[in-house]
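Since the structure comes first, as structure tokens, the remarks are kept for the end.
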Amino acid sequence: TVIGLDDYRPSDHLADTIHLDILLHPTATRIVAETAFRPNPAGRPGAPLVLDGDELRLCGIELDGQPLPAEAFEASPQGLTVLAPPQRPFRLRVVTEVDPTANTKLMGLYRSGGIYCTQCEADGFRRITYALDRPDVLSVYTTRIEADESEAPTLLGNGNPGEAGAIPGTGRHFAIWHDPFPKPGYLFAVVGGRLGKVSKPFTTMSGRPVEIAVHVEPGKEPRAEYALDALERSMRWDEEVFAREYDLDVFNVVAVSDFNMGAMENKGLNIFNDKYVLASPETATDSDYANIEAVIAHEYFHNWTGNRITCRDWFQLCLKEGLTVFRDQEFSSDQRSRAVHRIGEVRTLRARQFTEDAGPLAHPVRPNQFREINNFYTATVYEKGAEIVRMLKTLLGEADFAAGMTRFFETCDGTAATVEDFLDAFAAVSGRDLSDFARWYVQSGTPVVTVRTEYDPAQARYRIDLTQETPPTPGQAEKGPLVLPVALGLVSPTGAAIAADCADLRPDGVHVMAGSRASLIFENVRERPVPSLFRGFSAPVKLRLDLGDDDLLALLEHDSDPFNRWQAAQMVAMRLLVGQATSESGTPVEASLLRLALALGRVLVVESERDPAFAALLLSLPSETEIAQEIGSDVDPDAVHRAWLAARGTIGTVLAADLAAIRAATEPDGAYSPDAASAGRRALRNVALDLLASADPAFGEREADRQLAAAGNMTDRLAALAVLSRIPGDTRERALARFAEDFAGEPLVLDKWFGIQAAIPEPGTLDRIHGLTSHPAFSFTNPNRVRALVGSLALANPTQFHRADGAGYAFLADIVLMLNGSNPQVAARLLTAFSTWRTVEPGRRANAESQLKRIAREQNLSPDVSDIVARSLSEA
Ligand code: ARG
Ligand code: ZN
């Protein structure tokens, strides 16, 4: 069934309070739910009470203390309807029973490594009890949790802790939690288990004392310290930057090892995939540390953008997710190097969101219909949603943006809001009409901006013509122009700044383009300039620029905007990589590659000292995914791979001396620290190794093996292993075997090991992966393991996933079908790897299509998988 945005109507009933009594048991947990319902004045009078359920067993039902006669209700595992409920407030007491051990979907109440936990977003609360499971029904929850004291000494719920104690003579104990803030069921959570914790006191800006804690598997407490520290920094930052203060007496984070997504912002009780909590120098890489910091911040920031202000319906998902991603990006940028972080954000956006926009799964940031909401936790909703908020800030300027946020917090607190409510707050404080800007939320597809420039030396006049066009996407043939904030400046090819007068430019250097074309005229331009456009990636567009390599390399060397310096090098590289991958003509490409390498070498002299992380990014070529996307049709992944390898080899050869000097200058000294500056030096050192190995595999093998033996941290170790993994031979196999021995019993580290092997670009990889599925550390029931092994094939190994014989596609399809029943969310997510299938060359395209059709033919497809396969195959 398709649900449409326009179908929204308020609930016929409201649920003011919910009292839950949860009697934890491994296979038969009882839930007694007593809810105070009343007719919604905004609903239909006399309507039946229709409660959602999902695989529930009903054990009892009473209305206002009286057992409800069988003819008064209809119940199934999927729902409960009270046919003629009282036309006044009433209490309904419902008893259900669930089996947390059998819950492999990891939605609702389940067990992970012996720990009871819950995941209720988007529609998992109905797997615990019958409920009005929709985000606009807000209730005050009181939760009593009871469990065997030996099995679950720790019992956590939402809100503040209340009474707790033993139940004498039973071996059981209980804890009562009360959450004073009304919330929808998707923010409900309970946890029970044997957990260790790290904690500290936090005092909010108004003086409220809060106990903040991170709970992990006993023995892993030291690995939770970094998450606790990141949490404290997040809380302080939200006070300083957004004036948002925490509002409960405790804030608990719990790490579990089986989790479908990254983490969940349940009120006062965030539940995390342990991969985004646990870190030690020996087991986590620099990017793990950065991800932990970002996800901890993200979930914490949801307390205001998501929880205090929630969503009216699931079409408004971007209201909380896009905004919260924007907030966590700003946090990370303040904690680290802003330019480096921005480049990382854009790389992710291009790799994931632009790919989504270019394929059959394209959808607006606010979709207007869905069949399965869990399939809309996408890069478009999250990452493009964040870009919209960022553009809004550029459009309005710091002051009006800040005022608009304050107004949004004040006017919408305690409500289930919409995207319109959000935009209204900014329109109100700025006096601006944002209705054109709002098109960003409803129009899918990535706009393409084409630029023509013209310099007239006689008139000292420079002209930039911009046109924008968005290609059609499924269900949206017609596109309109978007409001684009274009941050720009002019750069002299020799490096001097160019002052010029332009009436179409704001003092901060931003031109707001609202129509499909724009012309900017600059007067008094005394020399031919190079335009630096969309500085800081000021709008999420694809840029078609009429600049030659020399102009781009001038930007690389001289632009004041670090993002565009990086971008210029990427454009030069992209042009030659696409040329190389789509034709056989080698010579012109070699010349231009040489120029790029030499320019990079010049820039590196300064940058490898000034900002090593930035220097590392300059040396990173566009990924194979980005190259394939740029080619757009009839892609041959093997040709892309060959072009990519050859370019890296040339850069490594040309820059060999510089790279060796970088390695010598960045030898690790002293103890590991995860801070951004130290991480930047490691990143640069490891990119240098990678390029040197591309140029000279024999040297690379020796050097990587040496680094592997000497490495004192996981970042350097894994970087060396990754380099070795692409050099076939005994050294590699010995290194892989040794790594598995060293980290036996460390599932998160072995995920890296699975991932590296699944990404080896060699024909033997599929067999290797097949073998690894029976490795004792592998399990199909753990989403992290599946993503590490199968996900890495699909996302990090283009040549082997897109094998010409179709074996990669067949393998993925087998796994999707296997997981379809046990964990449909994970299955559906893996299946999205097929979304580029129409862009590959005809032979591969036919193979991919036949696998998609094979899945589509299967009986008993979950809604999750059936939705993705149907959209992937749909014609327009
Ligand atoms: N709200 C969570 C976050 O972004 C994501 C939860 C999504 N879970 C799901 N099963 N769809 O922080
Ligand atoms: Zn989120």
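Note that ligands are numbered from 1 as they come in the structure, with each ligand's atoms numbered from 1 the same way.
Taking the six-membered ring wherever Trp is involved, the centroid distance between the rings of Tyr141 and Phe188 falls below 6.0 Å. In this structure, Tyr8 has its ring center at least 6.0 angstrom away from the ring center of Trp314.
Using the six-membered ring where Trp is involved, Phe315 and Phe370 have ring planes that are tilted, between 30° and 60° apart. Using bins of under 30°, 30° to 60° and over 60° for the plane-to-plane angle, the ring pair Phe354/Phe537 lands in the tilted bin.
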For this session: Begin with the C-alpha distance, continue with both residues' side-chain angles, and end with the deciding distance and a verdict on ring pair (Phe, Tyr, Trp, His ring centres under 6.0 Å) for Phe401 and Phe426.
Result: CA-CA 7 Å; Phe401 180 76; Phe426 294 92; 5.4 Å; yes
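Rounding to the nearest 10°, we obtain 160° for the angle at the Zn ion (ligand 2) between His298 NE2 and Glu321 OE2.
For the pair Asn375/Ile868, a side-chain contact is recorded, criterion being any heavy-atom separation below 4.5 Å from C-beta on.
Residue-level contacts of ligand 1 at the 4.0 Å heavy-atom threshold are Met107, Gln119, Glu121, Met261, Ala263, Met264, Glu265, His298, Glu299, His302, Lys320, Glu321, Asn374, Tyr377, Tyr382, Gln825.
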